Protein chains: 2
Amino acid sequence: MENISSIKPTESELEILHILWQLGKATVRQVNDELSKNREVGYTTTLKLMQIMHDKHIVSRTEEGRYHLYQAEIGEEQTQQLLLGKFVDATFRGSAMRLVMQALGNQEVSLDELEEIKKLIAEKEKNLGN
Amino acid sequence: MENISSIKPTESELEILHILWQLGKATVRQVNDELSKNREVGYTTTLKLMQIMHDKHIVSRTEEGRYHLYQAEIGEEQTQQLLLGKFVDATFRGSAMRLVMQALGNQEVSLDELEEIKKLIAEKEKNLGN
DNA sequence: GAATATCTACGAAAATATTCGTAATAAAAT
DNA sequence: ATTTTATTACGAATATTTTCGTAGATATTC
């Protein structure tokens, strides 16, 4: 990926990216099998999507004999970060704070997870305190 | 809105909703003026979008003389909550925790805001502690 | 009161995203 | 070696979202 901040995978592409992030390298068949666990989807549909993603350089591929092995070209965290920024802008008018408040208030978060978040806040406060 | 969990405003619709949430009631002209502050957009484009939103029952309208006065039919927090849930699923595979960590780690959040978040966490821990 | 401006309604074009059918090719099985 | 199976390439149909042109109605201005 050259143009790093212009990433905008569609929802379907994101589904495929998640599978590739999990599997590392995968054939269209493997990805399609994974997708099929959740919903009906034709093999050529998945193939086409992955070809488009290849055109867009968000996945790379190598030929292994007769197959193509696909691999994500953009990192999971990096992508989440970018999508998060856009989502915050679109839905929370740029206020990450409000997003966090809503997420903590209403989404499922466990006690252990809250502890981790507290640690992160403590560190962040230390840095901001400078 | 009858079918509350099937809300899925598009990005353009969300932009308009933000304006309506802010203004309360507004004419197409007012909304279009607001939109135009950010980007080029034709009046009839905005009109059409708002008509579609009316068809979908995500806004209501009353006739005031020659104008129509539009008003959001879905609440801001409620909508954000729904979109947040979908976003967490699509982008963070359902882990609100990871979203919060990333948001705190990389988005802009001030010291004061961190304090507020800490308060929220404290309360939530009290409840979860039961 | 004629011209101008400002609305709404509506259809359809344009842009984007998703789905799939068909053909070509290569491998595997019989 | 012929048939069956699995793969890629490609075009096109379908669906969704966004944009806008045109027409008709009603007010406003000169």
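In the text below, chain A, chain B and the rest are named by the order of the sequence lines, each starting its count at 1. Since this is a predicted model, take the numbers as computed values, not measurements.
- When rounded to the nearest whole Å, the span between OH of B:Tyr67 and P of C:dA5 equals 16 Å.
- Of all nucleotides in DNA chain D having an atom under 4.0 Å from a heavy atom of chain B, the first and last in 5' to 3' order are D:dT17 to D:dA27.
- Not counting sequence neighbours, B:Thr91 has no partner by the side chain to side chain donor-acceptor pair (under 3.5 Å) test.
- Across the interface with DNA chain D, nearest-nucleotide mapping of A:Arg66 and A:Arg61 shows A:Arg66 to be the residue nearer the 5′ end.
- For the segment residues 23-36 of chain B, the set of residues with a heavy atom within less than 4.0 Å of an atom of DNA chain C comprises B:Val28, B:Arg29, in numerical order.
- Evaluation of the side chain to side chain donor-acceptor pair (under 3.5 Å) rule for B:Thr10 yields no partner, not counting sequence neighbours.
- In this structure A:Thr45 satisfies the side chain to side chain donor-acceptor pair (under 3.5 Å) test with no other residue, sequence neighbours excluded.
- Distance OG1/B:Thr27 to CD/B:Glu64: 11.0 Å, rounded to 0.5 Å.
- Residue A:Ser12 places at least one side-chain N or O under 4.0 Å from the OP1 or OP2 atom of C:dT18.
- For A:Glu76, the side chain to side chain contact (heavy atoms under 4.5 Å, CB included) partners two or more places apart in sequence, or in a different chain, are A:His18, A:Trp21, A:Gln80, B:Arg98.
- Residues passing the side chain to side chain donor-acceptor pair (under 3.5 Å) test with A:Asn106, sequence neighbours excluded: B:Gln81.
- Atom NE2 in B:His54 sits roughly 12 Å away from atom P in C:dC10 (whole-Å rounding).
- Sequence neighbours left out, the pairs with a member in residues 5-24 of chain B that pass salt bridge (Lys or Arg N to Asp or Glu O under 4.0 Å) are A:Lys8-B:Glu11, A:Glu11-B:Lys8, B:Glu13-B:Lys56, B:Glu15-B:Arg39.
- For residues 18-35 of chain B, every residue pair satisfying the salt bridge (Lys or Arg N to Asp or Glu O under 4.0 Å) rule, not counting sequence neighbours, is listed here: B:Glu34-B:Lys37.
- Looking only at side-chain heavy atoms (C-beta outward), B:Leu104 and B:Leu114 come within less than 4.5 Å of each other.
- Residues that satisfy the salt bridge (Lys or Arg N to Asp or Glu O under 4.0 Å) test with B:Glu115, not counting sequence neighbours, are B:Lys118.
- Contacts between residues 44-52 of chain B and DNA chain C, counted as heavy-atom distances below 4.0 Å, involve B:Thr44, B:Leu47, B:Lys48, B:Gln51.
- Not counting sequence neighbours, the partners of A:Glu116 by the side chain to side chain contact (heavy atoms under 4.5 Å, CB included) test are B:Met97, B:Met101.
- Contact check, B:Tyr43 against C:dT8: a side-chain N or O comes under 4.0 Å of OP1 or OP2.
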